[in-house]
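In this chain, residues are counted from 1 in sequence order. Just follow the structure's listing: the first ligand is 1, and inside any ligand the first atom is 1.
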Amino acid sequence: MMPAVLQAQDLVKTYGTGETGFTALDGVNLAIGAGESVAVVGKSGSGKSTLMHLLALLDAPTSGSVLLHGAPTAAMTARELNRVRNSSFGFVFQQFFLTPGQTVLENVVLPLKIAGVGKADRRRRGLAVLERLDMAEKAHSRAIDLSGGQKQRVAIARALVNDPAVIFADEPTGNLDSVTGAVVQDILFDLHRDRGITLVVVTHDAELAAQCERQVHLRDGRILQSPVPARPGPEEGPTGAGDGVAIGAVGGGVR
Ligand code: ADP
Ligand code: MG
């Protein structure tokens, strides 16, 4: 059986220490299989963003571990972590996090620049991904001049430009009106279906969550139901087995 792309084992995250310490995650176990779409849902403050940050190797747990393709990540150097994040992960956030004064294209190719890709290649790949998201005509506009929906498309383009295996999206529709949010949602799920990209989506949006193959409910830093213990074989496809509130798996999506 192939190991999960990402696996959380007994994750605990405490912010601060002593009396002022706050335990945001309290023993989370979760496996995310290749090509799965997983929604992390729960009330504000339940630990969703904290869990996503730990899975995305943006932050380290207080205890417990995150396995990447079955291998522990705790001993990885900052340089190795950067390389994994830059080459395998794409990030989409509620606040877009674009550099306002830069052009759309400059924003999109940033991960390529970090990865050391040459200028001509960056431009070619940046324009290709903008084309795919129907944003090519805005390539030379400044990010600050875009609407919210356009900004989120640019953020998705930037998340995609390195051809990531996993996209982490934290409230990707949180700052968008419902029509624009639906467009962004469709883009994410098209990518998931067509390219087999694994999606980890933190969301309050019930419609967005319902489109994921599996929902993980957090409350006070704990998962409400027992998680799927291990990833099913590729022939079975991802299932929500053992997950009381999971939406049943729809189709394969396994690469
Ligand atoms: P969610 O994304 O579900 O709203 P978070 O993971 O952002 O929840 O936060 C979970 C809890 O941890 C919240 O109570 C929040 O105030 C606290 N928290 C998050 N980040 C920090 C931090 N850097 N320092 C202190 N407390 C934090
Ligand atoms: Mg959050």
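- Annotation: Gly45 places an N or O atom under 3.5 Å from an N or O atom of ligand 1; distance criterion only.
- In terms of modelled atom types and a separation under 3.5 Å, the side chain of His53 and the main chain of Ser49 share a donor-acceptor contact.
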Verdict with reasoning, Lys48 to Asp170, per salt bridge (Lys or Arg N to Asp or Glu O under 4.0 Å): CA-CA 8 Å; Lys48 304 182 298 294; Asp170 194 344; over 6 Å; no
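- Here the side chain of Thr23 pairs no donor or acceptor atom with the backbone of Asp26 at under 3.5 angstrom.
- When only interatomic distances are considered, the shortest N/O to N/O separation between Leu51 and ligand 1 does not fall below 3.5 Å.
- Distance remark: protein heavy atom present below 4.0 angstrom from atom 21 (C) of ligand 1.
- Shown in contact with Ser44 at under 4.0 Å from a heavy atom are these atoms of ligand 1, numbered in order with element: 4 (O).
- Ion pairing between Arg125 and Asp163 fails under the 4.0 Å rule for side-chain N and carboxylate O.
- Side-chain contact check for Leu51 versus Leu218: some heavy-atom pair is nearer than 4.5 Å.
- Counting the atoms of ligand 1 from 1 in the order shown, those under 4.0 Å from a heavy atom of Ser49 are 1 (P), 2 (O), 6 (O), 7 (O).
- Protein heavy atoms are found less than 4.0 angstrom from atom 26 (N) of ligand 1.
- Counting non-hydrogen atoms of neighbouring residues, nucleotides and ligands closer than 6.0 angstrom, the CG atom of Asp220 reaches no more than 12 such neighbours.
- Nearest to atom 19 (C) of ligand 1 among the protein's heavy atoms is Tyr15 CE1, 3.2 Å.
- The shell of residues lying under 4.0 angstrom from ligand 1, judged by heavy atoms, excludes Gly16.
- Between the side chain of Glu36 and the main chain of Glu213, no donor-acceptor pair closer than 3.5 Å is present.
- When only non-hydrogen protein atoms are considered, atom 8 (O) of ligand 1 lies nearest to Gly47 N, 3.3 Å.
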CA sep, side-chain torsions, deciding dist, call: Val184, Leu176, side-chain contact (heavy atoms from CB on, under 4.5 Å): CA-CA 9 Å; Val184 164; Leu176 305 177; 3.5 Å; yes
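- Nearest protein heavy-atom contact of atom 11 (C) of ligand 1 is Phe22 CE2, 3.5 Å.
- The closest approach between a heavy atom of Gly42 and any atom of ligand 1 is not below 4.0 Å.
- Annotation: side chain of Asp134 is in contact with side chain of Arg153 (closest heavy-atom distance under 4.5 Å).
- In terms of protein heavy atoms, atom 12 (O) of ligand 1 is closest to Ala24 CB, 3.4 Å.
- Between Asn107 and Ala143, the shortest heavy-atom contact is ND2-CB, 3.6 Å.
- Atoms of ligand 1 found under 4.0 Å from any heavy atom of Thr50, numbered from 1 in the order shown, are 5 (P), 6 (O), 9 (O).
- Using a 4.0 Å cut-off to heavy atoms of Ser46, the atoms of ligand 1 that qualify are 3 (O), 8 (O).
- Residue contact annotation: Met52 places no N/O/S atom under 2.8 Å from the Mg ion (ligand 2).
- Proximity to Lys43 (heavy-atom distance under 4.0 Å) selects the following atoms of ligand 1: 3 (O).
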